[in-house]
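Working notes for the structure below.
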Amino acid sequence: MGHSAAVWDYRAATEITKDWNGIHQIVLRTPRGASAQVCLHGAQVTSWRNEHGEELLFTSSKAIFKAPKAIRGGIPICFPQFGNCGSLELHGFARNRMWAIDDNPPPLPANDSSGKSFIDLVLKSSEEDMKGWPHSFEFRLRVSLTTDGDLTLISRVRNINGKPFSFSFAYHTYLMVSDISEIRIEGLETLDYLDNLFQKERFTEQGDAITFESEVDRVYLSSPNIIAVLDHERKRTFVIRKDGLPDVAVWNPWEKKSKSMADFGDEEYKHMLCVDGAVIEKPVNLKPGEEWTGRLQLSVVPSSFCSDRLGLDRSGL
């Protein structure tokens with residue numbers, strides 16, 4: 001599909017509005033009625049709805065939609081640092097910056113360019129960012145919806161610096177769930193993980209699936225490229241497919257921590273779960289001129305679509 005067809009796709013299914021204190025929102029739609037909303041502040045996906053209009057991402061009722069505060073929910077972009085694993089602000093600065101619409105991005109592979117509603121955004125290093133992280137980069141993000149309503153995020157980070165640099169990264173994905181005590185994650189069993197509740201000590205997952213009955217803050221290492229999050233009450237499964245993202249961060253603050261966060265409701269932990277495709281343990285190293293790509297695809301299937309058929313033991317997209 002040539003460039004003109006891609007432009008038609010973009011014009012037909014994309015609208016740009018002003019919302020949230022004048023910050024631009026991009027709304028992507030499919031012919032069947034699925035939608036996604038992207039905020040130029042942080043290049044953050046703030047909504048993803050299926051064709052029935054049901055919201056699939058969690059956003060706190062107490063979230064602050066005012067720059068430079070990060071928005072609590074959706075899919076924040078953690079770059080060039082995940083968590084507090086470096087000298088920068090928590091989760092880096094990309095989620096707190098205004099991004100620009102990229103009208104002429106470098107081409108993506110054909111299978112990521114056709115039959116979709118999409119938007120391309122770009123963030124380039126600023127003088128302010130260079131003070132704390134003295135590296136020149138270009139970060140391009142494509143957010144797209146397939147005709148089936150699958151949500152895909154493709155990040156491309158290019159080193160335009162004269163020297164190498166390294167970074168950690170995550171799509172900090174807040175999933176909307178019915179009841180956290182009824183949720184299970186399949187695909188991470190038997191893996192080693194770093195437990196942030198125990199000074200990043202390394203453990204090995206013992207359960208046949210991950211379930212929740214208290215606070216969880218872990219980074220699972222060298223994970224498969226397909227993971228399933230099963231929501232028993234809603235009889236649906238989030239399928240997470242990823243590429244270039246070897247780690248998976250799993251987080252739920254539970255009751256005590258929820259009460260300590262000003263932009264998070266006391267009881268909201270029951271209805272959210274963060275499952276992040278990430279690069280954390282071994283940061284990405286880019287030489288001058290090199291580019292890294294990290295791809296995440298989210299889809300929802302009925303839970304009767306059992307994990308055996310997802311090929312959780314196989315990697316690749």
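Quick caveat: nothing in here was measured; it's all calculated off a predicted structure.
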Fill in: Plane angle bin for H172 and F82 - parallel if under 30°, tilted between 30 and 60°, otherwise perpendicular
perpendicular

Gap between atom [atom2] of [Y] and atom [atom1] of [X] - 0.5 Å precision:
| X | Y | atom1 | atom2 | value |
| --- | --- | --- | --- | --- |
| C39 | I75 | SG | CD1 | 13.0 Å |
| L28 | S144 | CG | OG | 8.0 Å |
| R241 | Q297 | CZ | CD | 6.0 Å |
| L230 | K235 | CG | NZ | 12.5 Å |
| E213 | I180 | CD | CD1 | 11.5 Å |
| L188 | I227 | CG | CD1 | 4.5 Å |

Item to complete: Begin with the C-alpha distance, continue with both residues' side-chain angles, and end with the deciding distance and a verdict on side chain to side chain contact (heavy atoms under 4.5 Å, CB included) for V219 and V248.
Response: CA-CA 6 Å; V219 176; V248 172; over 6 Å; no

Is [X] salt-bridged to [Y], going by a charged N under 4.0 Å from an acidic O?
| X | Y | answer |
| --- | --- | --- |
| E201 | R218 | no |
| E186 | R184 | yes |
| R140 | D120 | no |
| K131 | E127 | no |
| D129 | R97 | yes |
| R202 | D195 | no |
| E55 | R49 | yes |

Does one side chain, of [X] or [Y], offer a donor that lies under 3.5 Å from an acceptor on the other?
| X | Y | answer |
| --- | --- | --- |
| Y220 | E205 | yes |
| S178 | K270 | no |
| S181 | D179 | yes |
| S258 | D266 | no |
| S303 | T237 | yes |
| E290 | N159 | no |

Is [X] reaching over with its side chain to a backbone N or O of [Y], donor-acceptor style, under 3.5 angstrom?
| X | Y | answer |
| --- | --- | --- |
| Q44 | G42 | no |
| R158 | G289 | yes |
| W99 | A94 | yes |
| Q81 | G83 | yes |
| N252 | W254 | yes |
| S223 | P246 | yes |
| D102 | L121 | no |

Worksheet item: Step by step, would you call L145 with T152 a side chain to side chain contact (heavy atoms under 4.5 Å, CB included)?
Response: CA-CA 6 Å; L145 272 181; T152 303; over 6 Å; no

Taking C-beta and beyond as the side chain, do [X] and [Y] meet within less than 4.5 Å on heavy atoms?
| X | Y | result |
| --- | --- | --- |
| E189 | D208 | no |
| L56 | L175 | no |
| Y171 | I240 | no |
| V27 | S47 | no |
| E233 | I183 | no |
| I154 | T293 | yes |
| I77 | F139 | yes |
| L296 | D276 | no |

Does [X] belong to the same Ile/Leu/Val/Met/Phe/Trp/Tyr cluster as [Y], with side-chain heavy atoms less than 4.5 Å apart forming each link?
| X | Y | answer |
| --- | --- | --- |
| M130 | L286 | no |
| L197 | I185 | yes |
| V122 | F79 | no |

Discussion item. Going by the rule side-chain hydrogen bond (donor to acceptor under 3.5 Å, both in side chains), which residues pair with E268 if we only count those two or more places apart in sequence or in a different chain?
Written reply: S60, S61

On a heavy-atom basis, which atom in [X] and which in [Y] lie closest, and how many Å separate them?
| X | Y | value |
| --- | --- | --- |
| S125 | S136 | OG-CA, 3.4 Å |
| T190 | T204 | O-CG2, 3.6 Å |
| F137 | I160 | N-CG1, 3.7 Å |
| M261 | W251 | CE-CH2, 4.1 Å |
| D231 | M176 | OD2-O, 4.5 Å |
| V279 | K282 | CG1-O, 3.3 Å |

Worksheet item: Given L245 and D247, is the side chain to side chain contact (heavy atoms under 4.5 Å, CB included) satisfied, shown in steps?
Response: CA-CA 6 Å; L245 304 163; D247 304 323; over 6 Å; no

Practice prompt. Give the intermediate values and the outcome of side chain to side chain contact (heavy atoms under 4.5 Å, CB included) for residues V239 and L298.
Written response: CA-CA 6 Å; V239 182; L298 301 175; over 6 Å; no

Worksheet item: In this structure, are over 12 heavy atoms from other groups packed under 6.0 Å from F203 atom CZ?
Response: yes

Worksheet item: Do other residues, nucleotides or ligands put more than 12 heavy atoms under 6.0 Å from the NE2 atom of H135?
Response: yes

Practice prompt. Please test F58 against F264 for ring pair (Phe, Tyr, Trp, His ring centres under 6.0 Å), starting from the C-alpha separation and ending with a verdict.
Written response: CA-CA 11 Å; F58 168 88; F264 194 87; 5.8 Å; yes

Worksheet item: How far apart are the C-alpha atoms of F212 and Y269, what are their side-chain angles, what is the distance that settles it, and do they pass the ring pair (Phe, Tyr, Trp, His ring centres under 6.0 Å) test?
Response: CA-CA 11 Å; F212 300 87; Y269 73 91; over 10 Å; no

Fill in: Residue pairs passing the ring-ring contact (aromatic ring centres under 6.0 Å, His included) test where at least one lies in residues 271-295, sequence neighbours excluded
F167-W292, F169-W292

